[in-house]
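Counting begins at 1 with the first residue of the sequence.
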Amino acid sequence: MNFTETKAWAELERNVGKIRGFSLRDAFAADPARAEKMTIDAAGWTLDYSKNLVDAETMAALRAVAEECGLKDKIEAMFSGEHINETEDRAVLHVALRALSGGAVVDQGDGKDVMPGVREVLDKMAAFAEQVRSGAWKGLSGKPVRNVVNIGIGGSDLGPCMAAIALAPYSQRSIRTAFVSNVDATHFAETVRDMDPEETLFLVASKTFTTLETMDNANTAREWILAHYEGDAAAVAKHFVAISTAADEVAKFGIDTANMFGFWNWVGGRYSLPSAIGLSLMIAIGPDRFREMLGGYEAMDRHFRTAPFEKNLPVTLGLLGILYNNLLGAQSHAVLPYDQYLARFPAYLQQLDMESNGKSVDKQGRRVSWQTGPIVWGEPGTNGQHAFYQLLHQGTKLVPADFIGFLRSHNPLGAHHVHLMANFIAQTEALAFGKTADEVRAEGAPEALVPHKTFEGNRPTNTLVADELTPATFGALVALYEHKVFVQGALWDVFSFDQWGVQLGKVLAKKIIPELTSGSALAHDSSTNALIARFRAANAAPRA
């Protein structure tokens, strides 16, 4: 069942006029305890959702939609290892990667407990990470590693890259962690420009070891290492490890398969940070901190699975998103972390959300008649305030936003954190309550300027706060958004754990690759033919 088939949603649609006419000013004036009633705590995080366009009746109706859609059973099906990824006949068990305090987690497809394999890989990662961090792992010339370069793309890059920046305060600063993903040669060239090949270790992350972008970059890295060592093939095994399951391809590349770290087909790439894909992060912050991160994930997992809907953080965020996306016409959702360490978090969430729920057919293969995943975007504050907040405050578009902040800073320099958090708090207040024309006039503004200085307010926000950005609160934050995505996909009745939409462009690119460097006849549309011809001509001419 999808959300549109529920009685509760029909009731919300009947009351849409009331919801659209909701006033945050009036709601707070009428109920001084509103914020207290609309605050939830879990896994080190506090969510204040009181600045949303909802009252208790609307929230109850949204939770009734979830109940009618069988959300509780769908959550349990995921945690229980049922093959809910039906188009690929797979379980969805990224939660097993951090289920370290519990018992068995069984893939219902083969009836096997996946946890022994999870623990084995985690222990192998920890042993290797300690070798690198201690200097015991050395390159061919005997120098310890000073540069760890993760080569991957999509989930094999966005997660570990974002996390390495987020948890930099906990990293071993004597080792630089870098990431190469784009097939554009510039990304590789600029990343390694100042690195010593003798001190550089590459982690090649590709399940099949055939991903075009990853293998282009890996092969270029291999050539870079071999050029330095005058073609000595022994250098490859000392300067490369693999995160893959394709042992034959890994060995063919020259990597010792003893230094291959595996993962499983029940882990989607965008959910794979807690797996071997996170090896670069574990090297950076160490196995103990990595396990603290897993503990944060697990705490949010446990909360999501067991908390009643009215006190459930992921369910609450998911339902509010449904309200704005499907009843009030919002097309996008902003994520605004007020912490520079989370600078890449919005980019990470773009893949998590848009690749999961960017679907236009339901589980029965029918074209949906409702909006699915929103466009997710954002920048860290206060940078965004001086860029796009004008639209948030006075634009014509409804943009719900999540504000994420921490009460304490890792860098308590002067008044920086006080000023940062003052802006963090003030923005949600300004978006909610705005400034009336009478208030503008009372400040002495000329009448001609009154419309320009008036703020409508009633712009909805969620406020997420933790004491400090730690590995545990970070893990819980990522899990919170993973489960929010699950909730919305469940109500939209789409498959959130496949991504067929990324395939067509890849297939066509493979066809075009040889055409760019040959004189073969072209049989594409006129635009594509012309673009290929321009590329051929530009590369046939001498470089100026």
Between [X] and [Y], which heavy-atom pair has the shortest distance, and what is it?
| X | Y | value |
| --- | --- | --- |
| G286 | R133 | N-NH1, 3.2 Å |
| S332 | P400 | O-CD, 3.5 Å |
| D339 | L469 | OD1-CD2, 4.1 Å |
| W45 | T473 | NE1-O, 2.9 Å |
| V114 | A96 | CG2-CB, 3.7 Å |
| V361 | V494 | O-CG1, 3.6 Å |

Dump the intermediate steps for side chain to side chain contact (heavy atoms under 4.5 Å, CB included) on H333 and V335, then the final yes or no. CA-CA 7 Å; H333 186 89; V335 178; 4.0 Å; yes

Is the side chain of [X] donor-acceptor paired with the backbone N or O of [Y] at a distance under 3.5 Å, no angle test?
| X | Y | result |
| --- | --- | --- |
| N325 | T372 | yes |
| K112 | V106 | no |
| T6 | W9 | yes |
| N85 | D89 | no |
| H303 | A43 | no |
| W264 | L93 | no |
| N312 | V315 | yes |

Between F240 and F202, how do the two ring planes meet: parallel, tilted or perpendicular, split at 30° and 60°? parallel

[atom1]/[X]: more than 12 non-hydrogen atoms of other groups inside 6.0 Å:
| X | atom1 | result |
| --- | --- | --- |
| R367 | CZ | no |
| R63 | CZ | yes |
| Q364 | CD | yes |
| D110 | CG | yes |
| E11 | CD | yes |
| K207 | NZ | yes |

Within this structure, what is the [atom1]-[atom2] distance for the pair [X] and [Y], rounded to the nearest 0.5 Å?
| X | Y | atom1 | atom2 | result |
| --- | --- | --- | --- | --- |
| S496 | W492 | OG | CH2 | 8.5 Å |
| I19 | L327 | CD1 | CG | 5.0 Å |
| D55 | N15 | CG | CG | 9.5 Å |
| L158 | Q350 | CG | CD | 8.5 Å |

Contacts satisfying side chain to side chain donor-acceptor pair (under 3.5 Å) that involve residues 147-158 (not counting sequence neighbours) are N147-T200

Pairs touching residues 66-80 that satisfy side chain to side chain donor-acceptor pair (under 3.5 Å), sequence neighbours left out: E76-S80, E76-R305

For the pair T461 and N52, evaluate side chain to side chain contact (heavy atoms under 4.5 Å, CB included) and give the outcome as yes or no after the intermediate values. CA-CA 6 Å; T461 60; N52 280 278; over 6 Å; no

Quick one: do [X] and [Y] make a salt bridge, cutoff under 4.0 Å?
| X | Y | answer |
| --- | --- | --- |
| R270 | E355 | yes |
| K124 | E130 | no |
| D41 | K311 | no |

Return yes if a side-chain donor-acceptor contact under 3.5 Å exists between H83 and D107, otherwise no. yes

Hydrogens and angles aside, do H483 and D301 bring a side-chain donor and acceptor to less than 3.5 Å of each other?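 Yes, side-chain donor-acceptor contact under 3.5 Å.
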
Checking F497 against T87 for the side chain to side chain contact (heavy atoms under 4.5 Å, CB included) test, could you report, in this order, the C-alpha distance in whole Å, the side-chain angles of both residues, the deciding distance, and whether it holds? CA-CA 9 Å; F497 299 98; T87 66; over 6 Å; no

Here's a test for you: under side-chain contact (heavy atoms from CB on, under 4.5 Å), which of T58, D402, V54 qualifies with L320? V54

Evaluate salt bridge (Lys or Arg N to Asp or Glu O under 4.0 Å) for R98 paired with E482, printing each intermediate quantity in order. CA-CA 13 Å; R98 55 266 195 157; E482 287 179 347; 2.6 Å; yes

Test F263 against H94 for ring-ring contact (aromatic ring centres under 6.0 Å, His included), laying out the working first. CA-CA 10 Å; F263 50 110; H94 49 276; over 10 Å; no

